[in-house]
Amino acid sequence: MTTTQTRAGDPELAARLRREIRGEVMFDPASRGRYSTDASIYQIEPIGVVVPRTEEDAIAAFRIALEAGVPVLPRGGGTSQCGQTVGAALVIDVSKHLNQVLDFDKDARTVTVQPGVVLDHLNAYLKPHGLWYPVDVSTSAQATIGGMTGNNSCGSRSIRYGNMVHNVRAVDAVLADGSSFRFGEVPEDASRVEGTAEYRALVGKILAIAAREAEEIEHRYPKVLRRVGGYNLDMMLGRAARLEARASALTNRGKPSTVSLRNLPSPNSGQASGADPVINMAHLLVGSEGTLAYSRRIELDLSPLPQHKTLGVCHFPGFYKAMEAPQHIVKLGPAAVELVDSTMIRLARDNPAFRSTVEKFIRGTPEAILLVEFAGDDREEQHARLRQLVELMGDLGFPGGVVEITDAALQRDVWEVRKAGLNIMMSMKGDGKPVSFIEDCAVPLEHLAEYTDRLTQVFHKHGTEGTWYAHASVGCLHVRPILDMRRDGAHKMRAIAEEAAELVRQYKGSYSGEHGDGLVRSEWIAPFFGPKLTAAFGEIKDLFDPKGLLNPGKIVRPSKQDDRALFRFKPGYTVKRLNTVLDWSDWQGFDKAVEMCNNNGHCRKFDAGTMCPSYRVTREEQHLTRGRANTLRLALSGQLGPDAFTSEAVYDALDLCVSCKGCKRECPTGVDMAKMKVEFLHHYKKRHGLTLKDRLIAYMPRYAPWASRAAPLTNMLSALFKGVLGFAPQRPLPKWRSDYFSLTPTLPPRRGEGDASSQGVAGARGGEVVLFVDTFNRYFEPENAHAALAVLEAAGYTVHLPQPKDSARPLCCGRTFLASGLVEEAKLEARRMLDTLLPYIERGIPVVGLEPSCVLGLRDEYLSMLPGAETAELDLNAYLFEEFLAREAGAGRLQLPLAPLPQKKALLHGHCHQKAFGELPAVEQILKLVPGLTVETIESSCCGMAGSFGYDASHYDVSMKMGELSLLPRVRASTAETLIVADGTSCRHQIRDGAAREAIHVARVLEAALKTR
Ligand SMILES: Cc1cc2nc3c(=O)[nH]c(=O)nc-3n(C[C@H](O)[C@H](O)[C@H](O)COP(=O)(O)OP(=O)(O)OC[C@H]3O[C@@H](n4cnc5c(N)ncnc54)[C@H](O)[C@@H]3O)c2cc1C
Ligand code: SF4
Ligand code: SF4
């Protein structure tokens, strides 16, 4: 450890790697810091990081490090919860480039992949073939097959399909001495093993160790399906020993057993049931957490996708009763039985992303629910089993306790809520957090109720509590006691761990039932497996890795779980308290907001939603919300050197954040990076100053009136000088319009003239509204403002155009100042807005605006810039144009005479902030008011323009790539007759630049459809 610690950032090693491999070599402190954590409580600085471009690169890096005596740590998504992905080693991140499906045999139902393939991507590839890889971990959108293999991961449906170890067919692996073998099936007679002499010798030695320890294996390995601790030595047993073990398992009252399932031939092995099974050497590598070899390629067994599914949501008024039920429910043959407890239900109900789904499947306020899925090819059978479940619940004393779900879409939504369980729980603010260390113990089902009850009492004894959820079918429930790891957390963790271990031992369960050993649980291998097997694990490790350089300290020769020197919040961890320009009191400070990131990696996603567009393009940890939050945390806590908060390293991490607010909505713990970027830029620009380009962008609202009046000249000058100023030469800049929106504003009402009865109600009292015309629509696309005015008037509203008291220039929300880090200037704009708009609001007149980032800024950044009652009033009364109309329509107040348009289809792209605030459905709803118009919403992340982001020369490529992820190809594929609708100014520009199509604001669609026209 000492040797490697002193080599962190080793320049010689870095130089050699750069010379000999083509991938990225990152040895700088910020990159090392970003790879020093996973989803556990630990943090260890790696020596350096390599992101290999090819298989050969990865192996070369592996070999170079080992030759230099440097430990190696392969890494996928880095979502491990036990610290198995952190270490003082050369980290080899396989997730970026090594993500190819190499071979697929539909008939044999096998696939061979590189280790960086993400499970969801693999399943998307397999779906058209009616197949899937059924180890359905909750992190399916992040987890790589290499990482899943490393951890012996388990899914919700493990009772049907088993764990990774039951579904891996072979692994092509490289050992510490550089030798490369294909680990697969071998006959149990070692003399008949095929392959090189080295391979045969290795296999022979392992089989001999297993045979020698057969009795101890039989005695010590838990007889439950969920057992992922230690090495899978039980799988290396010969036939006689296995039959003995199986007999023993079957006498274990017929419960699902690790041994019985593990020793069945793999589904595709071609062996008839009962035939002499062979041993699969790959199964020793499964769950070895990178401590034995580097997995280069992995061959998997696939399963047919079940054609029909039904879901029963069983409601229980008491937790204990819910825990007694699974032992009966499993007899119905479900594919999954998953627990969700009342705390989780409450948290999901409080979460805007899940609320509406929860209301669809939960009746009242149960103490716990069990989600019971039946799946198979026979539709009737699944329905029949659901009926049996209803009967069973009646017999158990809960008649009417099942919500039956047969609709596939709703089933999917319910599973999404369940999958988000842990993340939902982690949204807790403050220093006390749910901590993972006993969160996946597994016990036989008949003890589940008693075990959970007694462990809950242990929590109470230590002044804490835990939320229970997950895999009731296999007795593996997740629970995380809430601990403060900066204070007495380590002490309590040890005490609770000891007592939990004793309970698990009493019930003959497994201490590590899903998430592996890593740093948090490896020390528990010895007490559970005993000295003989612990020594045997050491022997195995030495056979593969005699110098102990492969992910040291995991599984064998471990450190103590409560070694605080390895914690993320180590003794002495302090942060620099910033004099913040925004209000962070909701989080108890900026640093606490940053620390909300628990590294679960949920932001590493490519599917639905927005988060995180920059990562989707670059696939670099630095451009991930997690990478940014980590960089900020390391900088604030002095781990990146003095004054690191305003350093270039932090700037680089935040540079490609497009402030889309995707994370604000989609990050389970609510990390709001867009807001953090504003805070950061304020401090950064104070130290480093503004460029001319920054100033031109920031002060646009101030010079916009004269720039528009001199429009032909200003447009010519901007076109001439944009390149010199740092704007992308390929981009046409927005054109100033001399016919800008200049209708005479209404005289504002005076403060205090409000009607008390209508204060803060925003009910369009007397049909009045304020139309706030932002700088962009006013000076670049005035037709949008005119269209909104026309529509509102056609709907019978009296429209006020607000006039600021100083009358110097029109109102602006301050967005351009915020984007440039000039928060004090933005506050001045905000003050002007408030002073002007509050008199209307006090009279109950709502404020309606067109540009999503401007209007939603009034409801978001304003609360942090000028917290207080006035801003809260504005928050309640500021509406997007479409949101206001949708609300009026919902209340039956909207009278809008609309006629069909020549175009019959609208293709809608949502602005990121519309999506972040859940406002996109309002646009869809309003577009559908046009008779005969069908609406299709593009499943897109950020368009890539993001305000001024995409105009910047240094961002141009990334900006276009963001657009190309889905938006631009979809627009290009649409017919010329299709209306392209986008409410964001920058989105419309991106669509024009990237797809050569004109997109229009929803206000213009409605204006075009007005009957009176
Ligand atoms: C919110 C949340 C929910 C989770 N839910 C589940 C769940 O339902 N079921 C479950 O089982 N787990 C779950 N986990 C844990 C984790 O997501 C899984 O173990 C996942 O499979 C890890 O994949 P990864 O790509 O992130 O692997 P990593 O964390 O990157 O790596 C895991 C291990 O594999 C090793 N490894 C990676 N690549 C290689 C390689 N090429 N060669 C050798 N070794 C390699 C690493 O060194 C490490 O030891 C959850 C985690 C979180 C944060
Ligand atoms: S930013 Fe959010 S989603 Fe990403 S790792 Fe951190 S907590 Fe998870
Ligand atoms: S605001 Fe958008 S770009 Fe920035 S970190 Fe969050 S999701 Fe990523």
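For the numbers below, each heavy atom of this structure counts, side chains included, while hydrogens, waters and symmetry mates do not. None of the values given here were measured: they were computed from a predicted structure. When a ligand or atom number is given, it counts from 1 through the structure's own listing order.
Which parts of ligand 3 touch Thr625 is read off a 4.0 Å heavy-atom cut-off, strictly below it: atoms 5 (S), 8 (Fe). Listed by number with element, the atoms of ligand 1 under 4.0 angstrom from any heavy atom of Ser80 are 28 (P), 29 (O), 31 (O), 32 (C). Distances below 4.0 Å separate heavy atoms of Thr669 from the following atoms of ligand 2: 7 (S). Heavy-atom contacts of Gly290 reach the following atoms of ligand 1: 44 (N) (cutoff under 4.0 Å). Near Ser153, meaning under 4.0 Å from one of its heavy atoms, ligand 1 places the atoms 11 (O), 18 (C), 19 (O), 20 (C), 21 (O). Set against the non-hydrogen atoms of Met673, the atoms of ligand 3 under 4.0 Å away are 5 (S), 6 (Fe). In summary, the atoms of ligand 1 found under 4.0 Å from a heavy atom of Pro115, numbered by their order in the structure, are 41 (N). Near Pro668, meaning under 4.0 Å from any of its heavy atoms, are these atoms of ligand 2: 3 (S). Those atoms of ligand 1 that come under 4.0 Å of a heavy atom in Ala143, given as number and element, are 20 (C), 21 (O), 23 (O), 25 (O). The ligand atoms of ligand 2 that sit less than 4.0 angstrom from a heavy atom of Asn598 are 7 (S). Residue contact check: Ala39 has heavy atoms under 4.0 Å from atoms 53 (C) of ligand 1. Of all atoms in ligand 3, listed by their number and element, those nearer than 4.0 Å to a heavy atom of Lys661 are 1 (S), 2 (Fe). Residue-ligand proximity, Leu73 to ligand 1, at heavy-atom distances under 4.0 Å covers atoms 47 (O). Per-residue contacts place Gln81 under 4.0 angstrom from the following atoms of ligand 1 (heavy atoms of the residue considered): 2 (C), 3 (C), 4 (C), 50 (C), 51 (C), 52 (C), 53 (C). The contact set between ligand 3 and Cys660, taken as ligand atoms under 4.0 Å from a residue heavy atom, comprises 1 (S), 2 (Fe), 3 (S), 7 (S).
Looking at Thr144 against ligand 1, both its backbone and its side chain come within 4.0 Å, counting heavy atoms. With a 4.0 Å heavy-atom cut-off, ligand 1 is reached by the side chain of His515 but not by its N, CA, C or O. At a heavy-atom cutoff of 4.0 Å, ligand 1 is contacted by the side chain of Asn551 but not by its backbone. Only backbone heavy atoms of Ala293 (N, CA, C or O) come within less than 4.0 Å of ligand 1; its side chain stays farther off.
The residue from Asn600, Val594, Thr37 that puts a heavy atom closest to atom 8 (Fe) of ligand 2 is Asn600. When Gly147, Gly83, Ser95, Gly150 are ranked by how near their heavy atoms come to atom 37 (C) of ligand 1, first place goes to Gly147. Closest to atom 6 (Fe) of ligand 2 by heavy atom, among Gly670, Cys597, Ala39, is Cys597. When Arg604, Arg226, Glu289, Glu439 are ranked by how near their heavy atoms come to atom 49 (O) of ligand 1, first place goes to Glu289. In this structure, of Ile555, Thr149, Leu550, Thr79, the residue bringing a heavy atom nearest to atom 17 (O) of ligand 1 is Thr79. Of the candidates Val658, Leu654, Val671, the one placing a heavy atom closest to atom 3 (S) of ligand 3 is Val658. The closest heavy-atom contact to atom 38 (N) of ligand 1, among the options Gly146, Cys82, Gly77, Gly513, comes from Gly146.
Contact analysis puts Gly601 in contact with ligand 2, with a non-hydrogen atom separation below 4.0 angstrom. Heavy atoms of Thr85 approach ligand 1 to within less than 4.0 angstrom.
Inclusion of Asp136 in the set of residues having an N or O under 3.5 Å from an N or O of ligand 1 is not warranted. Note: no N/O pair closer than 3.5 Å links Arg75 and ligand 1 by distance alone.
Under a 3.5 Å cut-off, the side chain of Arg226 and the backbone N or O of His471 do not form any donor-acceptor pair. Counting only distance, with no hydrogens or angles, the side chain of Glu666 and the backbone of Cys663 share no donor-acceptor pair below 3.5 Å. Listed for the Ser614 side chain is a donor-acceptor partner under 3.5 Å among the backbone atoms of His623. Between the side chain of Asp93 and the backbone N or O of Ser95, at least one donor-acceptor pair lies under 3.5 Å.
Coordination check, Cys603 versus atom 4 (Fe) of ligand 2: passed, since an N/O/S atom of the residue sits under 2.8 Å.
Ion pairing of Glu861 with Lys661 is present here, as a side-chain N (NZ or NE/NH1/NH2) and a carboxylate O approach within less than 4.0 Å. Salt-bridge formation is detected for the pair Asp136/Arg157: a Lys NZ or Arg NE/NH1/NH2 atom is positioned less than 4.0 Å from an Asp or Glu carboxylate oxygen.
Between the CG atom in Leu371 and the OG atom in Ser473 there is a gap of 11.0 Å [rounded to 0.5 Å].
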Next item on the list: Take Glu299 and Arg182 through the test salt bridge (Lys or Arg N to Asp or Glu O under 4.0 Å) and record every step on the way to the result.
Entry: CA-CA 10 Å; Glu299 185 180 350; Arg182 179 175 170 79; 2.3 Å; yes

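At a cut-off of 3.5 Å, with distance as the only test, a side-chain donor of Lys675 or Ser864 sits close to an acceptor on the other residue. When only modelled atom types and interatomic distance are considered, Glu373 and Trp415 share a side-chain donor-acceptor pair under 3.5 Å.
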